[in-house]
Amino acid sequence: MPKDGITPRAHDYSQWYLDIVQQADLADYAEVVKGCIVFKPTGYAIWEAIQRGLDERIKATGHVNAYFPLLIPKSFLMKEAEHVEGFAPEVAEVTRASGEELAEPYVIRPTSETIIGYFYSKWVRSYRDLPLLINQWANVMRWEMRTRPFLRTAEFLWQEGHTVHASEEDAERETLMILHDVYADFVEKDMAVPVIKGLKSEKEKFPGALRSYCIEAMMQDGRALQAGTSHNLGQNFARAFDITYTDQNNTIQLAWTTSWGVSTRLIGALIMSHSDDEGLVVPPRLAPTQVVVVPIYKNDTERSAVLAAIQQITADWKGRLRFKIDDRDNLTPGFKFNEWELKGVPIRLEVGPKDVANRSVAIARRDQPGREGKVIAPQAGLTERLTALLDAIQQTLYDRALAFRNARTADVTTYDDLKQQVERGFARCYWAGSTEDEKRIQDETRATIRCIPLEQPQQSGRCVYTGKETTRQVIFARAY
RNA sequence: CGGGGCGUGGCGCAGUCUGGUAGCGCACAGCGUUUGGGACGCUGGGGUCGUGGGUUCAAAUCCCUCCGCCCCGACCA
């Protein structure tokens, strides 16, 4: 039974998403600041968990964190032709300060390639300085015409890695390593969201990049969501900002750079991958609270007996489980069950007088909402049982999402089939068309090439649009 | 930028057509009874009706202006 006030997914997926965001208390519209949201504590806690998982991996792969200015001289943005063109429509400018017109306007960063490029040109002298591997956690601003909480907001939080390398091969290796070992690994293992790793088409690549790689996830409505991107910038930004180094032969060489980022959009991906009509579902590895304990009692005597039992049960949880004891006295247990279900806590424990007497507990798992997912278990060995259950829930969520994606992915060989397939999910097909062809398809179907998967077939086939023989397959889908 | 919708206690809405000085549900506060899947009773507090102007004896309501927000589309992480 859906919660009051949550629009069922089948009825209106978009409204369902907005309802979840509001009712699970993840975010508030900033109202007075157009296109922005407030990350409420519950939503921000998820972001912190995402940050933790990514930051560990970013550091484990040799990067360090730094921080660059929010404001970028406008002229910097103009230095890379494609980059200007790509971002010009959505940058906000600062033209006045202390009551005066500024000599040169600043833009609020939509991304930091340019200002970081400026500093890198000063920092990089010798091949011994390379590779330079820096990441920053920051907010950026893109003045979008249409916004949706987490998925697209005027200001958003992200990490952006910016690296410099001596050769194209090194830059390419970095770009792909980030894609595999940082982004795909994190999103699949911690977020339980399966992704397709691929290359962006010319039309979809980052403005100024040589090549853009991405991970694409499928949401429950069959639409694609780009969950992360990693760009081999070639020498474009090195040329624009004069990032050069002296090599072993004392010759000056132009460097190769990369950049890569994931944003608070991942929170949107998380919501749209796992949640249901009962509310949010957070995978255990990311859940700020993994287990909530609800005491049940009729009077003060029972209350103190139950709370004492809970203290005993949870005694060895610290450091092993992230948990919360919901001892609020003014709410009924039923209300709490629904509230925690709405907020997506993976496991709920109920402890009442019967459990005190029987040395048992009731365990309910969020991936099986309602009474159905509830079992009675002995208190003995509970911690191990819960740890295992969290792993099982994590796996279930991933398996479920993968099964869904597979069911909604189809190989298509004709344009008519493609048109139909993008209504429900991913259309995989051979592709030898041009950027113009891709645009035409977008106009006609609203679908775009989400990526050219890194995993390609051995045999060739006919292009779904032009009929030309090709070995390249792509994924078409409607995207967020 | 185009299309649509909405601005009335914290939230969701009614009241607007047909002008008469604001109401309902939830939430909130107090007290009591409750508590294994969204408890109940009683009492109570809280609103410049988005803004500015106009019409009128009288405006949430009629007329004009402006503003904001949300949704759908084009653009994008």
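In what follows, chains are A, B, ... by sequence order, proteins preceding strands, each numbered from 1.
In terms of modelled atom types and a separation under 3.5 Å, the side chain of A/Ser212 and the main chain of A/Phe206 share a donor-acceptor contact. Looking only at distances, a side-chain donor or acceptor of A/Asn236 sits under 3.5 Å from a matching main-chain atom of A/Gly208. Looking only at distances, a side-chain donor or acceptor of A/Ser275 sits under 3.5 Å from a matching main-chain atom of A/Val281. Within the 3.5 Å criterion, the main-chain N or O of A/Thr448 finds no donor-acceptor partner in the side chain of A/Gln442.
Look at CZ on A/Arg148: it is 8 Å from P on B/rG73, rounded to the nearest Å. Whole-Å rounding puts the A/Ile441 CD1 to B/rA74 P distance at 16 Å. In this structure, NZ of A/Lys40 is placed 11 Å from C1' of B/rG10, rounded to the nearest angstrom. A/Glu339 places its CD atom 12 Å from the P atom of B/rA39, with the value rounded to the nearest Å. If you measure from atom CD of A/Gln22 to atom C1' of B/rC70, you get 11 Å, rounded to the nearest angstrom. Taking atom CD of A/Gln23 as the reference point, atom C1' of B/rC26 lies 12 Å away to the nearest angstrom. If you measure from atom CD of A/Glu144 to atom C1' of B/rG73, you get 15 Å, rounded to the nearest angstrom. Taking atom CZ of residue A/Phe335 and atom C1' of nucleotide B/rC26, one finds them 11 Å apart after rounding to whole Å.
Base pairing of B/rG2: its partner is B/rC72, meeting the Watson-Crick or G-U wobble criterion (both donor-acceptor distances under 3.5 Å). Pairing partner, B/rU21: none, since no Watson-Crick or wobble contact has both distances short of 3.5 Å. Base pairing analysis places B/rU48 opposite nothing; no Watson-Crick or G-U wobble pair with both distances below 3.5 Å involves it. Applying the Watson-Crick and G-U wobble criteria (two distances, each under 3.5 Å), B/rG7 pairs with B/rC67. In this entry B/rC62 has B/rG54 as its Watson-Crick or G-U wobble partner, both defining distances falling under 3.5 Å. Remark: B/rU34 base-pairs with no nucleotide in the shown strands. Criterion, Watson-Crick or G-U wobble with two distances under 3.5 Å.
Annotation: B/rG4 and B/rU43 have their C1' atoms spaced 45 Å apart (nearest Å). Nucleotides B/rG47 and B/rG5 have their C1' atoms positioned 24 Å apart, rounded to a whole Å. B/rG7 and B/rC17 have their P atoms separated by 15 Å, with the value rounded to a whole Å. Taking the C1' atoms as reference points, B/rU48 lies 22 Å from B/rG12, given to the whole Å. The same atom, C1', is picked in B/rC70 and in B/rU65; the two are 23 Å apart, to the nearest Å. Comparing the P positions of B/rA29 and B/rG50 gives an interatomic distance of 28 Å, to the nearest angstrom. Here the separation of B/rG25 from B/rU18, taken at their P atoms, is 29 Å to the nearest Å. Comparing the P positions of B/rC67 and B/rG10 gives a spacing of 25 Å, expressed to the nearest Å.
Map A/Pro149 and A/Gln226 each onto its nearest nucleotide of RNA chain B; the residue landing nearer the 5' end is A/Pro149.
Contacts of A/Arg328 with the nucleic acid, taken as non-hydrogen atoms under 4.0 Å apart, are absent. A/Thr153 comes within 4.0 angstrom of a nucleotide base, judged by non-hydrogen atoms across all strands. Within the 4.0 angstrom heavy-atom criterion, only backbone atoms of the sugar-phosphate kind lie near A/Ser14; the bases stay farther away. Note on A/Phe156: a base of the nucleic acid sits closer than 4.0 angstrom, heavy atoms only. If you check every strand for non-hydrogen atoms under 4.0 Å, A/Leu225 touches nothing.
Annotation: ring pair (Phe, Tyr, Trp, His ring centres under 6.0 Å) contacts of A/Trp260 (sequence neighbours excluded): A/His63. Applying the ring pair (Phe, Tyr, Trp, His ring centres under 6.0 Å) test to A/His274 and every residue at least two apart in sequence or in another chain returns nothing. Residues meeting the salt bridge (Lys or Arg N to Asp or Glu O under 4.0 Å) test with A/Glu56, sequence neighbours left out: none.
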Close N/O contacts between protein and nucleotides 33-35 of chain B (under 3.5 Å):
| unit_1 | atom_1 | unit_2 | atom_2 | d |
| --- | --- | --- | --- | --- |
| B/rU35 | O2' | A/Tyr297 | O | 3.0 |

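Nearest to the side chain of A/Asn338, among B/rC71, B/rG38, B/rG36, sits B/rG38. You'll find that the side chain of A/Glu350 is closest to B/rG37, out of B/rG38, B/rC71, B/rG37.
Between the side chains of A/Thr163 and A/Thr258, at least one donor-acceptor pair of N or O atoms lies under 3.5 Å.
Remark: A/Lys324 NZ is loosely packed, at most 12 non-hydrogen atoms of other residues, nucleotides or ligands lying under 6.0 Å away.
A/Arg359 and A/Asp355 are not joined by a salt bridge, as no carboxylate oxygen comes within less than 4.0 angstrom of a charged side-chain nitrogen. Looking at A/Lys197 and A/Glu216, no side-chain N of the basic residue comes within less than 4.0 Å of a carboxylate O on the acidic one, giving no salt bridge. Between A/Arg328 and A/Glu339 a salt bridge is recorded (basic side-chain N to carboxylate O distance below 4.0 Å). Using a 4.0 Å cut-off between a side-chain N of Lys or Arg and a carboxylate O of Asp or Glu, A/Glu278 and A/Arg366 do not qualify as a salt bridge. A salt bridge links A/Glu350 with A/Lys374: the closest approach of a Lys/Arg side-chain nitrogen to an acidic carboxylate oxygen falls below 4.0 angstrom.
The aromatic rings of A/Phe39 and A/Tyr44 stand perpendicular to each other, their planes meeting at an angle above 60°, with 30° marking the opposite boundary.
Regarding contacts with the backbone of B/rC75, a side-chain N or O of A/Gln442 is found under 4.0 angstrom from either OP1 or OP2.
Of the residues in residues 353-377 of chain A, those lying under 4.0 Å from RNA chain B by heavy-atom distance are A/Pro353, A/Lys354, A/Asp355, A/Ala362, A/Gly370, A/Arg371, A/Lys374. Residues from residues 63-81 of chain A with heavy atoms under 4.0 angstrom of RNA chain B: there are none.
Contact of A/Glu341 with B/rG37 (side chain to base): a donor-acceptor pair of N or O atoms is detected under 3.5 Å.
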